[in-house]
Q: 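Before I ask anything, here is the structure I am working with.
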Amino acid sequence: MKVANSQATRPETAHGSYQRTGRILIVDDEPAMVASLAELLTRDGHEVAGAHTEVEAQKLLRESPYDLVIADVVMPDGGGIEVLRAAHDVDGDCPVIMMTAYASVEAAVSAINEGAYDFLVKPIDLTELSLTVRRAVEKRHLAQAMRKLMGDLSEANRTLARRVAELNALHDVSAAMSGTAEVPKLLDRILQAATSVIGARYGSILLLDLKVEGLVVEAATGRPPGSTDEVRVALSDSIAGYVATTG
């Protein structure tokens, strides 16, 4: 059940900056509780959806990502702990705030041990809820930003490593060209450098021979399964031949 969807500008904080907002799922078997919390969080700029059963909550979690889940601990068809587990099964980093009408140390400890972000006692203090939600959503966004940053850094490192390997290969080939006049040895060095850079298990250098109207294997490394000792490749029936004729 969609409760509220706010497209308004994010509310401004006392410091003049705008707080982070997110998509929030509220799960409680009391429709009035879902409606009141949704109204509060919508005013804070969040996009809010609601569910009244564990089954409905699990369906919504599978259909769309959420930045935060707020769930009642006790519901007729299943407790909030099951909702918490379902939320973490879909997204292990999604924070979950648990609510209960019974102030129990055991319940709080159980929820925290299951990975709950926080534990609130009904009747909910709306100011406390608003601040807790803000912290949870900010933590969520920071974690996502950190993962993206680490991913970008890893990709940059891979690109840099590839570039270094290419430069090393060029250096090796240049050294080989200045150190030997024997074409077969030079081609072997070039092939070794190229396959090393791209991580290929097999490779070959084919030169165009117009006399035989085909390609001649002048250097090769490795041997793929099913290969033969054939050293000529026809232009008409091979990828290498297509490349050679079309450029």
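Along the sequence shown, the residues carry numbers beginning at 1. As the structure is a computational prediction, the values presented were derived from the model and not from experiment. All values below come from the heavy atoms of this structure, side chains included, with hydrogens, waters and symmetry mates left out.
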Q: Quick one: side-chain contact (heavy atoms from CB on, under 4.5 Å) partners of Thr246, sequence neighbours excluded?
A: Tyr242
Q: Go through the structure and list residues passing side-chain contact (heavy atoms from CB on, under 4.5 Å) with Leu120, not counting sequence neighbours.
A: Ile97, Ile124, Glu128, Leu129, Thr132
Q: In terms of hydrophobic clusters joined by side-chain contacts under 4.5 Å, are Leu186 and Leu207 together?
A: yes
Q: Look at atom CG of Leu149 and say whether more than 12 heavy atoms of other residues, nucleotides or ligands are closer to it than 6.0 Å.
A: yes
Q: Looking at every non-hydrogen atom in both residues, tell me the closest pair between His46 and Thr21 and how far apart they are.
A: ND1-CA, 3.5 Å
Q: Minimum heavy-atom separation for Ala240 to Leu206, with atom names?
A: CB-CD2, 4.4 Å
Q: Of the non-hydrogen atoms in Tyr66 and Leu60, which two are nearest, and what is the gap between them?
A: CE1-O, 3.5 Å
Q: Any link between Met99 and Leu126 through a network of hydrophobic side chains (Ile, Leu, Val, Met, Phe, Trp, Tyr) touching at under 4.5 Å?
A: yes
Q: Do the charged groups of Arg23 and Asp67 touch, with an N to O distance under 4.0 Å?
A: no
Q: Look up atom CD in Glu47 and atom OG1 in Thr42, then write down how far apart they are to the nearest 0.5 Å.
A: 9.0 Å
Q: Once side-chain contact (heavy atoms from CB on, under 4.5 Å) is applied, do any residues pair with Lys59, and if so which ones, sequence neighbours excluded?
A: Arg62, Glu63
Q: Are any side-chain N or O atoms of Glu56 and backbone N or O atoms of His52, one a donor and one an acceptor, separated by less than 3.5 Å?
A: yes
Q: With heavy-atom distances below 4.5 Å as the criterion, would you say the side chains of Phe119 and Thr100 are in contact?
A: yes
Q: How long is the straight-line distance from CD1 of Ile24 back to CG of Leu37, given to the nearest 0.5 Å?
A: 10.0 Å
Q: NZ/Lys122 to CD/Glu30 distance, rounded to the nearest 0.5 angstrom?
A: 4.5 Å
Q: Quick one: salt bridge (Lys or Arg N to Asp or Glu O under 4.0 Å) pairs with a partner in residues 186-207, sequence neighbours left out?
A: none
Q: Charged N to carboxylate O below 4.0 Å: is that the case for Glu138 and Arg134?
A: no
Q: Does a salt bridge link Arg158 with Glu155, judged by any charged N lying under 4.0 Å from a carboxylate O?
A: yes
Q: Could you check Asp29 against Thr53 for side-chain contact (heavy atoms from CB on, under 4.5 Å), going step by step and ending with a plain yes or no?
A: CA-CA 6 Å; Asp29 60 303; Thr53 67; over 6 Å; no
Q: With rounding to the nearest 0.5 Å, note down the distance linking CG in Leu40 to CG in Asp44.
A: 5.0 Å
Q: Before you tell me yes or no, could you show the steps for Arg140 and Leu68 under side-chain contact (heavy atoms from CB on, under 4.5 Å), namely the whole-Å CA-CA distance, both residues' side-chain angles and the distance that decides it to 0.1 Å?
A: CA-CA 8 Å; Arg140 164 76 163 178; Leu68 174 65; over 6 Å; no
Q: According to side-chain hydrogen bond (donor to acceptor under 3.5 Å, both in side chains), who are the partners of Asp152, at least two apart in sequence or on a separate chain?
A: Lys148
Q: For Ser238 versus Val233, what's the shortest heavy-atom pair and its separation?
A: OG-CG1, 3.2 Å
Q: Just list the side-chain donor-acceptor pairs under 3.5 Å for residues 79-88, sequence neighbours left out, or say none.
A:
{"unit_1": "Glu82", "atom_1": "OE1", "unit_2": "Gly79", "atom_2": "N", "d": "3.0"}
{"unit_1": "Arg85", "atom_1": "NE", "unit_2": "Glu114", "atom_2": "OE1", "d": "3.3"}
{"unit_1": "Arg85", "atom_1": "NH2", "unit_2": "Glu114", "atom_2": "OE2", "d": "2.7"}
{"unit_1": "His88", "atom_1": "NE2", "unit_2": "Cys94", "atom_2": "O", "d": "3.0"}

Q: Show the nearest heavy-atom pair for residues Ala136 and Pro95, with the distance to one decimal.
A: O-CG, 3.9 Å
Q: Start with the C-alpha gap between Val183 and Glu218, add the side-chain angles, then the distance that decides, and say whether side-chain contact (heavy atoms from CB on, under 4.5 Å) holds.
A: CA-CA 9 Å; Val183 172; Glu218 294 291 350; over 6 Å; no
Q: For Ile70, run the side-chain contact (heavy atoms from CB on, under 4.5 Å) check against Leu41, Val48, Val27 and tell me which one passes.
A: Leu41
Q: State the CD-CG distance between Gln192 and Leu187, to the nearest 0.5 angstrom.
A: 11.0 Å
Q: With clusters defined by side-chain heavy atoms of hydrophobic residues (ILVMFWY) lying less than 4.5 Å apart, directly or transitively, does Val217 cluster with Leu208?
A: yes
Q: Report the distance from atom OH of Tyr117 to atom CE of Met98, rounding to the nearest 0.5 Å.
A: 15.5 Å
Q: How close do Val197 and Glu166 get, counting heavy atoms only, and between which atoms?
A: CG1-CG, 3.7 Å
